[in-house]
Protein chains: 2
Amino acid sequence: MTDQSLPLSDSQTVDQAVLLQSIGYSCLQTYLAIVPELKKQLATLGLRPVEYTILSVVKRNSGITQKRLGETIKVSPPNLATVLDRMEQDGLLARQRNPLDKRSQVLVLHSRGTLLCDQAEAVVAEAEALPQLSEAERHTLLGLLQKIFLPTQP
Amino acid sequence: MTDQSLPLSDSQTVDQAVLLQSIGYSCLQTYLAIVPELKKQLATLGLRPVEYTILSVVKRNSGITQKRLGETIKVSPPNLATVLDRMEQDGLLARQRNPLDKRSQVLVLHSRGTLLCDQAEAVVAEAEALPQLSEAERHTLLGLLQKIFLPTQP
DNA sequence: TATTGTTATACTCTATAACTATA
DNA sequence: TATAGTTATAGAGTATAACAATA
């Protein structure tokens, strides 16, 4: 039943042929290569990656609803509620009832949130400086990724 | 303390300026855009993404040790052990003591594992056909990602 | 009746520490 | 003493269902 075979020698490089044709796999591996340093740097500011993401979006889109925020960063409503509870308690932002539609809540940063976001953005930019890529390559890469995940507006 | 502001109108697109300069963020978002369909397709074969990844690597690298497998696909030893238990019970592969170093175990697929891997690779290739990218763009993208996460061999 | 958001909860993934066996 | 792998367990992240308030 079991195929017999010799152990793969240490000198042979691992063949990932088919997997390396997968954009999903390659994106995940790239993410995993980058994220530990990112987490470490954000942790020095008391932030997790999601929290940084939320700060960055709300800073530029003050008054955004939770619904739109969640759709943009792909966090489900129940999970977003939990993170926002934590951030609100930490005094980073506030939820305000939308006067135009009292079902929804709009988000605004406190000054502490804005300040922390600025620091975080600087720290992240540094952690993301990848010597493997030229500026042109970096630009190309970001453009191609966004072609996949950003909704095309008609 | 809290900045006052009008709700963000629905017609305005969400400004993600700084985040979109982040390769980590863009990789994660791309991964999240691709993975649900991938999971769905693999589930029809009774496989999760990790299991598919393991099958694909072991198929091409019969006799690979758990250590090298784990390093390649970035799964820690304890977590790898758990997944391999499941896959061994499902009759997909076997662990064999390495005759050259009895501390380590080498992995080989059963014929059922090989068969399932072939089916899975076909299914994944289909789920990953992204109409947003040309073949050339796809090739460029994969090359740039691999420049980041693949170890450069001297 | 549909939508926004919350609560509670379960499930999966990932991370850490302590252990066995081999070297 | 160091390494490969395992076990147990804790923690973070993600998913689902039921609910309240508003439209």
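What you see below is based on every heavy atom in this structure, not just the backbone, and it leaves out hydrogens, waters and symmetry mates. Every chain is numbered from 1 and lettered A, B, ... according to where its sequence line falls, protein lines coming before strand lines.
- Between the NZ atom of K40(B) and the C1' atom of dA15(D) there is a distance of 17 Å, given to the nearest Å.
- Linking ILVMFWY residues whenever their side-chain heavy atoms come closer than 4.5 Å, directly or via other members, leaves V18(A) and L115(B) in distinct clusters.
- Between the CD atom of Q66(B) and the P atom of dA21(C) there is a distance of 16 Å, given to the nearest Å.
- Going from atom OG1 of T13(B) over to atom CG of N61(A) covers 8.0 Å, rounded to the nearest 0.5 Å.
- Residue K74(B) contributes atom NZ, which lies 18 Å from atom P of dC13(C) at whole-angstrom precision.
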Write out a two-atom table: protein N or O, nucleotide N or O from nucleotides 20-23 of chain D, distance below 3.5 Å.
unit_1	atom_1	unit_2	atom_2	d
dA23(D)	OP1	K102(A)	N	2.9

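- DNA chain C lies under 4.0 Å from at least one heavy atom of each of the following residues of residues 75-88 of chain B: P78(B), N79(B).
- The side chain of R48(B) lies closest to dC13(C), out of dG13(D), dA4(D), dC13(C).
- In this structure, CZ of R95(B) is placed 19 Å from P of dT20(C), rounded to the nearest angstrom.
- Under the 4.0 Å criterion applied to side-chain N and carboxylate O atoms, K59(A) and D15(B) are not assigned as salt-bridge partners.
- Spacing between atom CD of Q105(A) and atom P of dT7(C) amounts to 10 Å, rounded to whole angstrom units.
- Transitive grouping of hydrophobic side chains (ILVMFWY, heavy atoms separated by less than 4.5 Å) brings V58(B) and L45(B) into a common cluster.
- At most 12 non-hydrogen atoms from other residues, nucleotides or ligands lie less than 6.0 angstrom from CD of E126(B).
- Residues L80(B) and V14(A) are members of one and the same hydrophobic cluster, defined by side-chain heavy-atom contacts under 4.5 angstrom among Ile, Leu, Val, Met, Phe, Trp and Tyr.
- When rounded to the nearest whole Å, the span between CG of L47(A) and P of dA12(D) equals 15 Å.
- OP1 or OP2 of dT4(C) has not a single side-chain nitrogen or oxygen of R68(A) nearer than 4.0 Å.
- D90(A) has no carboxylate O lying under 4.0 Å from a charged side-chain N of R112(A), or vice versa, which leaves the two without a salt bridge.
- Side chain of S56(A) to backbone of Y52(A): no donor-acceptor contact under 3.5 angstrom is found.
- Atoms CG and CG, from L28(B) and L145(A) in turn, are 11.0 Å apart once rounded to the nearest 0.5 Å.
- Across the protein-nucleic acid pair, E71(B) atom CD and dT3(D) atom P stand 12 Å apart, rounded to whole Å.
- If you take NZ of K39(B) and P of dC13(C), they are 6 Å apart, rounded to a whole angstrom.
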